[in-house]
Amino acid sequence: MFKQDRAAAAGAGAGAGLSAASAGGPAASLSREALARIDPQLAADYPFTLNMYAVPPRDELTLTQFELLALDRLRVLRAIETARLRAKSDDDVARLIEPVVNKHLELKRNTLVRAAGPQVLYEQRRKDHISHFILRLAFCRSDDLRQWFVRQEVELFKFRFGIEQQVDRDAFIALANLDLAPVSFEDMCREKMAAAGVAPTAPAAQRQELLSRFAADVRATYPHVVQQHQQQTGGSESDALRRAVFYRVPFERVCELVGRRAVLLMGGAAYVPESERLVLVANAFRAALSDSLMATAKALPRLDEEDRLMPVLDSLARQYLDREYKSTGPRSGTIRHEDIAGLSQHFPPCMQNLYQTLRHNAHLKHVGRLHLGLFLKGIGMPLEEALVFWRKAFHKMSDDEYNKKGYVYNVRYNYGMEGKRTDYTPYSCAKIITSMQPGAGDAHGCPFRHFSPERLGEMMQRLSVSEQGAGEILRTSREGHYQLACTRLFELTRGRVHAAAQAQQNQQAAGQGGPPAFQLVEPIEHPNQWFDLSMGLESGEHKGSARTPAKPGPAANGRMSTPGQVKIQTQTQTQTQTQTPMQTQTQTQTQMDYEFDDVDMDALAELEREMDR
Amino acid sequence: MLGGDSPARVRAADSTAESPARAALAEAGTGEKRAGGGVDGGAANGSPGPRKRWARIDSDSDEGDEHGDDSGARHSGSPAQARQQQPAVVDDLDETALQTMDVDAIVAPIIKQELTADLALLLTIFYKRLFPFKEMHQWLSYGNVDPNYFTHREFSFTQASDAYIRFQSYKTADELKSEILRLCPVKIDIGAVYNVKPKDARAVSSSAFVPLERELVFDVDMTDYDEIRTCCKGAEVCGKCWNFMSIAIKVVDRAMREDFGFKHILWVFSGRRGVHCWVADQRARKLTAEARRAIVSYLEVVKGGENMAKKVNLRGAQMHPSISSSYTICSKYFVPVLLEEMKILSTQERWAKVLQLIPDESIRRNLDAAWKSHPNATDTERWNQLKAALAREQKPMLNTISRDILLQYTYPRLDAHVSIGMNHLLKSPFCVHPKTGRVCVPIDPKACDKFDPSAVPTIEELVHELDKIPAGAGNTDGSSRTPDYEHTSLKPYIDMFKRDFLAGMGESIRSALRAKREDLDKELTF
Ligand code: SF4
Ligand SMILES: [Zn+2]
């Protein structure tokens, strides 16, 4: 039933696509009719590399297959997340994730159907389809998980949209039923006149004035649109404007563009230029996926008793969750309030700044307290000490005032003793950089993101970073690679702290003929990671911090989800989450699977693909 | 613990509002006030007498009391959290008192309760006879199209003892009124409309209790302008710096109406040093957090905290049409207010702040030297020199600097957190600011330049006016045909609320209903 619908729709879509793409499609493009002639099944089930995932697969899978597929996709999503952290532009992201996608979730385009064989294309797309739905099951069960999953999936979708051929993009959009009504510049002018209350019968001069101002507004909003049209066909700016196509949509549908002021808004409508069409498609994808995840979450409890799936799903999701920082280090619970002054040299720039502001003003605003408080909790300061630390830090305030403002409550809250009673974990760099932007009077934030270049320069001078190093860090942070800038600062400042670390690193590097500088392999992802790495250098655990990619060191335990660590995480979870004997059993089962995974997942996946053929 | 049965919370109310001698006290209270010199002028000049009482009562919250800075944890909490909150306040006091053995901490709450009696008295009269419950209920019911809209709305209260009560909800205006009379809060906050009655929230798990809708709100607070205003600091405001609020109102109001197409916009004085905005169109109430964030970032031009000197960094010479409209508004104020009144270029200390925004060492040095050698030049002359110096350079990067400086010194500074979080609270219109005693009255955006915060009636003045109502014209229980507020200086504000805001809302709701009915009719006839 469904297949028929889909095939019919695909046919219709192809027609629409052809006309739209006639302008500049690549010579090698392949229409849907042609595809259908080669393999009707493929054209019916998976006509594009793009998929809205509107229909669940109905395949039967073994548990092992199930996991293998899921893990492959998870690798891709994880790579996307990392790429987003490191790269600023979409192109950078694409460059970083392309090899990973090709390795674990390759989708050949329709043009390659003859060269690769239709069954390969079908298999690839089926794997993509199934693995998406498996992860839906695993990631539907909490807000955090859903958000994370949706964000990465949308990113993957955009990447694929970017590399899909023009015909198929157009056909896909036609099929996706996005309800896009194109409007021309003239239409917009009419709407502007209506909004401004200028009747079409108004004096010509009045209309003229309004419209020429409006044309200037449109040009200012979409400079590249006008440029692009001019380049393609020459002619004046107003000619170019007349040829441009916009989609008129409620502004709520293109929040991203509204937030960037990349669209013109008039009476609640946003005018999206054709070049930003991807935003509309990606948003439709996001909205549909978010809705289905909620629906899946509601349906999932029925699955609960049924089979062994639950523990598998649990451990899949946990790969994401456990990257939160947990203070399990040797110092846990032993840090006293009077130690902080001495330890502060090991704080990352963001925390050092908060700590110094606190020392200087004897006060810190709410979000700053939250960030520093949880960071200190993360380095191992127990609640009793934290209460003393904060009371002393606010020494200019009377006890009465201190109590009434709820500071004690705040500290206890951080430790899960108040409110939701959640054992809050310290904020990661990503959170500090992207959420809770500092406003007037706020000292929190990531210096690489939230300091002016002058302030950042001053900070580096105080840390006696060389001029060259400072220049490099400034450039890196200006380009938006805040955590890389931070990593570099760590390398430049903390790298000097421990001569032995450097010497050893130099030795290693010399052995491999690499550069002699101290270099971290993992970028800084968490303020507490900086602290641990820095402390590690001090006490000689440097092997863990300046390490080769494969072996995570002691300083980073329980946070990064390199495959080698999955086992550790699963173990701790088994201890803490034991609920029923049965579950424990299956949990151990899962753990075994992951050990398996550690051995050679890629080879296995390869094997599986072989067998499937 | 949260409900009306909480022993901890009722205590404060008992000693004041619930006292059997309340009526008598009310009499005595107004009498005492007349003796105390009665009505006085502005809050800023804090004359001794009755005013002092306000200052003492709320002396703890010098920082962000309208802002939620120090109550951040409270402002975005779940009901489960709030359940803990009430006992927490009490626990913490005891705990720390024990830890430090500080007599002050133990005695202070007792002293405070005595002071509170007076405030509670005035508030009781205010809530009983002046607060427009009927109109507020009319607003928040939105034509009763959705019968849950009022009943599922969160109210929360701050009492004089600083006890903080979240997640309250009421069936009717009368129920709200009697509860407010009982609690006598110094502050009423309005939150979101939830899927479950907030009062029943503790019966469901915290994940099953979610905010569905709320007005789009904005909060502009004068403290965010401290780094640029030269006339006042902190809680103070004067006619000069109030201009910042006028700019904010004009800029945001225009964008809301023209760009986003909203119609039902209420501007309210926050009682001391800021303004609040409620956008109440149905479409605005249904916005997701993501859309709210997008709107905030669409409006946001001044960015960065303490550690970022240059806070306006618009890309390129061309401005988005919305920003250029705002720029036109801002430019009108820059010369008369910033240069002529506030004189931001008159001393070296002040102009250094402006010059540091120019990313060119030699221009900075030249201007600094020129201005030092001509101490009598006016600020406007200096500004023109600055603009000329930047325009002379052939670098496009520098040509936009004077524009950015102008915006940094005038463009509205919004508190993003308040607008984005659906479950954030915002002080209700017609509340009384506990420190100034002024009522949070609506502001007409079209006449915002004429608004004078120091002319806003205070609760003391209003209660005094009530006393002067001739016998027979009013009724102390508020049941007279003409409501009591009609005889006070609150009248024009409540009238404006009804005329400019409620009437328009009503019209929109009615026409939406008509359209819906017509649709139905069509379906039926076919
Ligand atoms: S990158 Fe992370 S650790 Fe470094 S300063 Fe920024 S937030 Fe702190
Ligand atoms: Zn002032």
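Hydrogens, waters and symmetry mates are skipped; everything else that's a heavy atom, side chains included, is used. Every value quoted in this text rests on a predicted model; they were computed, and no experiment measured them.
- Heavy-atom distances place the side chain of F262(B), and not its backbone, under 4.5 Å from chain A.
- Interface residue A220(A): backbone and side-chain heavy atoms are both found under 4.5 Å from chain B.
- When heavy atoms are compared at a cutoff of 4.5 Å, P447(A) does not approach chain B at all.
- Although no hydrogens or angles enter the test, the distance criterion places no donor-acceptor pair under 3.5 Å between the side chain of R261(A) and the main chain of S322(B).
- Between chain B and the residues P223(A), G268(A), P453(A), the largest count of heavy-atom pairs under 4.5 Å involves G268(A).
- For Q356(B), no part sits under 4.5 Å from any heavy atom of chain A, backbone or side chain.
- Proximity to chain A is absent for every atom of L414(B), based on heavy atoms less than 4.5 angstrom apart.
- For residues 292-299 of chain B, a heavy-atom distance under 4.5 Å to chain A picks out A294(B), I295(B), S297(B), Y298(B), L299(B), given by residue number.
- Using a 4.5 Å cut-off between heavy atoms, V263(A) contacts chain B through its backbone alone, with no side-chain atom that close.
- Under the rule for a side-chain contact (heavy atoms from CB on, under 4.5 Å), the partners of S452(A) that lie at least two apart in sequence or sit in another chain are E454(A), R455(A), M308(B).
- With sequence neighbours excluded, the residues that form a side-chain contact (heavy atoms from CB on, under 4.5 Å) with A485(A) are F448(A), I473(A), T476(A), S477(A).
- With sequence neighbours excluded, no residue forms a side-chain contact (heavy atoms from CB on, under 4.5 Å) with Q461(A).
- Put simply, of M256(B), E290(B), E227(B), R283(B), the one with the most heavy-atom pairs under 4.5 Å next to chain A is R283(B).
- To the nearest 0.5 Å, the span separating OG1 on T221(A) from CE on M319(B) amounts to 12.0 Å.
- The number of heavy atoms from other shown groups lying within 6.0 Å of NE2 (H395(A)) is above 12.
- With a 4.5 Å cut-off on non-hydrogen atoms, R213(A) does not touch chain B at all.
- What you find for D259(B) and L265(A) is that their closest heavy atoms are O-CB, 3.5 Å.
- More than 12 non-hydrogen atoms from other residues, nucleotides or ligands lie less than 6.0 angstrom from NZ of K310(B).
- For K392(A), the NZ atom sits in a loose shell: 12 or fewer heavy atoms of surrounding residues, nucleotides or ligands are nearer than 6.0 Å.
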